[in-house]
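So that the names make sense, note that chain A is the first sequence line, chain B the second, and so on, each numbered from 1.
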2 protein chains.
Amino acid sequence: MRVIVAEDQGMLRGALSALLDLEDDIEVVGQAADGEQALRMIETLDPDLCVMDIEMPKLTGLDVAERLKETKHGCKVVILTTFSRSGYFQRAMRAGVKGFLLKDSPIDELGAALRSVHGGGRAVSPELAMQLWEAENPLTEREREVLKLAGAGLGAGEIASRLFLSHGTVRNYLSEAIQKLDAKNRIEATLIAERNGWLG
Amino acid sequence: MRVIVAEDQGMLRGALSALLDLEDDIEVVGQAADGEQALRMIETLDPDLCVMDIEMPKLTGLDVAERLKETKHGCKVVILTTFSRSGYFQRAMRAGVKGFLLKDSPIDELGAALRSVHGGGRAVSPELAMQLWEAENPLTEREREVLKLAGAGLGAGEIASRLFLSHGTVRNYLSEAIQKLDAKNRIEATLIAERNGWLG
DNA sequence: CTTCCGGCATGACAATTGTCATATGAAAAT
DNA sequence: ATTTTCATATGACAATTGTCATGCCGGAAG
């Protein structure tokens, strides 16, 4: 099978590509260091399958998966990510992703996952299966934007002017977010949202 | 040469070990998933050299390097890390680390670095060489502790009781840290300190 | 067509946060 | 022995933050 490896960390990308290429039934036909590159490569090289990191520059792996679904491209996607954040997993399922592995599974599982997915099956790290039932993102779009900026160290006034809101409104959103996430303050709120993948 | 690979992310650890092992002159004699394991393995297996991540559970790669220096163990250390934080690099140099690579260099560089270090030389990612002249950590021990807790979402009162300080004192430290780092508030201060490796 | 809800806004209030001036005792430097 | 420095503390003050009640508007649901 012909695969593309999309991963921004050079060393991991190189190592995975090299190892997969050693397998008899796998041929690595391209490597991408960011989401845009991955998308272009998939369109031009038309591989069977793409191993994709989530956190990448320009387009995240999930963005790419969603575009592939829109354009009905046949390339299957196996997500390979560091974090077991419930939001990621759910979004991936909706985007039709066929495999979802954590970066700290052993490498053997990657080869196995690729074969399983190529054969029409699925492959999911066991730690993740449960997350199907985990909490949905309780934050509204606005709350997320505001929280993201707050997490970057901006104050209410600054956030207000970037989003063209009044500073009171910003504080309202922040307050709501804090309560929804059961946090003590904006800092904890950002931490919680982040940990669950509700900001990306 | 006999090497140990210490890296908490299973997939990268496995991939690197497999690839290094393919080289004729390299033998991977052990793999560690955290700092303690790495230290024990180095003591029992006495390898020539250890490839080590910084951010690992229990003991960081830098902690391990420092202990090896104390005990005058001959095992040379090549640090392999994601972030180019000036604090890390400086601490590593002081700990007698011989090689320091970023995880997004190409893999070829890893093999090359190992050979160079094994032959008594050094190997440093070019992005890092400059950092020798970069700012030293301006924060005192106390300021760091306080800032770390603030970054975890705790308020002044909570920080105070954990560190057995008065809440006024905590606010003083925070205020100093904020000014030293030229930040607007504690959040930005944590971000800046973090980015420079001044909290780890 | 109402009713309800989401996004947006105000104003008021309390709590927390950030800044400063100042003080003490202990340790380090001179 | 004297001075400086550091960690700790206080109190006062202003700014920011978090909460709440309330109101308006437009669109979705009934």
Side-chain angles (χ1 to χ4, degrees), chain A residues 87 90-91 94 135-200, chain B residues 87 90-91 94 135-200:
Chain A
Q90 289 167 334
R91 201 174 143 201
R94 279 195 295 274
E136 263 297 338
N137 187 341
L139 300 175
T140 69
E141 175 62 23
R142 277 312 207 182
E143 288 160 356
R144 255 175 285 148
E145 295 178 84
V146 168
L147 200 51
K148 245 186 287 187
L149 293 179
L154 304 196
E158 296 162 300
I159 298 177
S161 49
R162 292 212 192 186
L163 299 181
F164 307 101
L165 296 176
S166 89
H167 92 122
T169 304
V170 168
R171 281 158 57 212
N172 285 155
Y173 286 141
L174 244 6
S175 183
E176 284 169 32
I178 290 169
Q179 291 178 242
K180 284 185 183 174
L181 299 177
D182 196 27
K184 279 190 306 299
N185 52 49
R186 48 180 77 190
I187 305 180
E188 222 193 350
T190 329
L191 260 28
I192 295 173
E194 184 76 22
R195 170 158 28 91
N196 287 94
W198 289 335
L199 295 183
Chain B
Q90 289 168 336
R91 203 176 143 201
R94 278 195 294 275
E136 263 300 335
N137 186 341
L139 300 177
T140 70
E141 176 61 23
R142 276 312 204 185
E143 287 160 357
R144 256 174 285 149
E145 293 177 84
V146 168
L147 200 50
K148 246 186 285 188
L149 294 179
L154 304 195
E158 296 161 301
I159 298 177
S161 51
R162 292 211 191 185
L163 298 181
F164 308 102
L165 296 175
S166 89
H167 91 124
T169 305
V170 168
R171 282 157 57 214
N172 285 156
Y173 286 142
L174 244 7
S175 183
E176 283 168 32
I178 290 170
Q179 292 178 241
K180 284 183 182 175
L181 300 176
D182 198 26
K184 280 190 303 299
N185 51 49
R186 47 179 81 193
I187 305 178
E188 220 193 350
T190 329
L191 261 27
I192 294 174
E194 183 77 22
R195 169 157 30 90
N196 287 94
W198 290 335
L199 297 184

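- Among residue pairs with one or both ends in residues 162-179 of chain B, none qualify as salt bridge (Lys or Arg N to Asp or Glu O under 4.0 Å); sequence neighbours excluded.
- At a threshold of 4.0 Å, the pair B/Glu145-B/Arg142 counts as salt-bridged, since one of the basic side-chain nitrogens sits closer than that to a carboxylate oxygen.
- Each end of the helix from C/dC1-D/dG30 to C/dT30-D/dA1 yields a helix axis from five base pairs, and these two axes differ in direction by 30° (to the nearest 10 degrees).
- Taking the side chain to side chain contact (heavy atoms under 4.5 Å, CB included) definition, one finds that A/Arg94 meets it with A/Gln90, A/Arg91, A/Glu136, sequence neighbours left out.
- Looking only at distances, no side-chain donor or acceptor of B/Asn196 sits under 3.5 Å from a matching main-chain atom of B/Gly87.
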Taking distance alone, no hydrogens or angles, what donor-acceptor pairs closer than 3.5 Å link side-chain atoms of residues 163-170 of chain A to residues at least two apart or in another chain?
residue  : atom : partner  : partner atom : Å
A/Ser166 : OG   : A/Gly168 : N            : 3.3
A/Ser166 : OG   : A/Thr169 : N            : 3.2
A/Ser166 : OG   : A/Thr169 : OG1          : 3.1

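- Taken from CG in A/Leu147 to CH2 in A/Trp198, the straight-line distance is 11.0 Å, to the nearest 0.5 Å.
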Nucleotides 5-19 of chain D: protein proximity per nucleotide (B base, S sugar-phosphate only, - neither; heavy atom, under 4.0 Å)
--SBBB-B----BBB

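- With sequence neighbours left out, A/Lys184 forms a salt bridge (Lys or Arg N to Asp or Glu O under 4.0 Å) with A/Glu188, B/Glu158.
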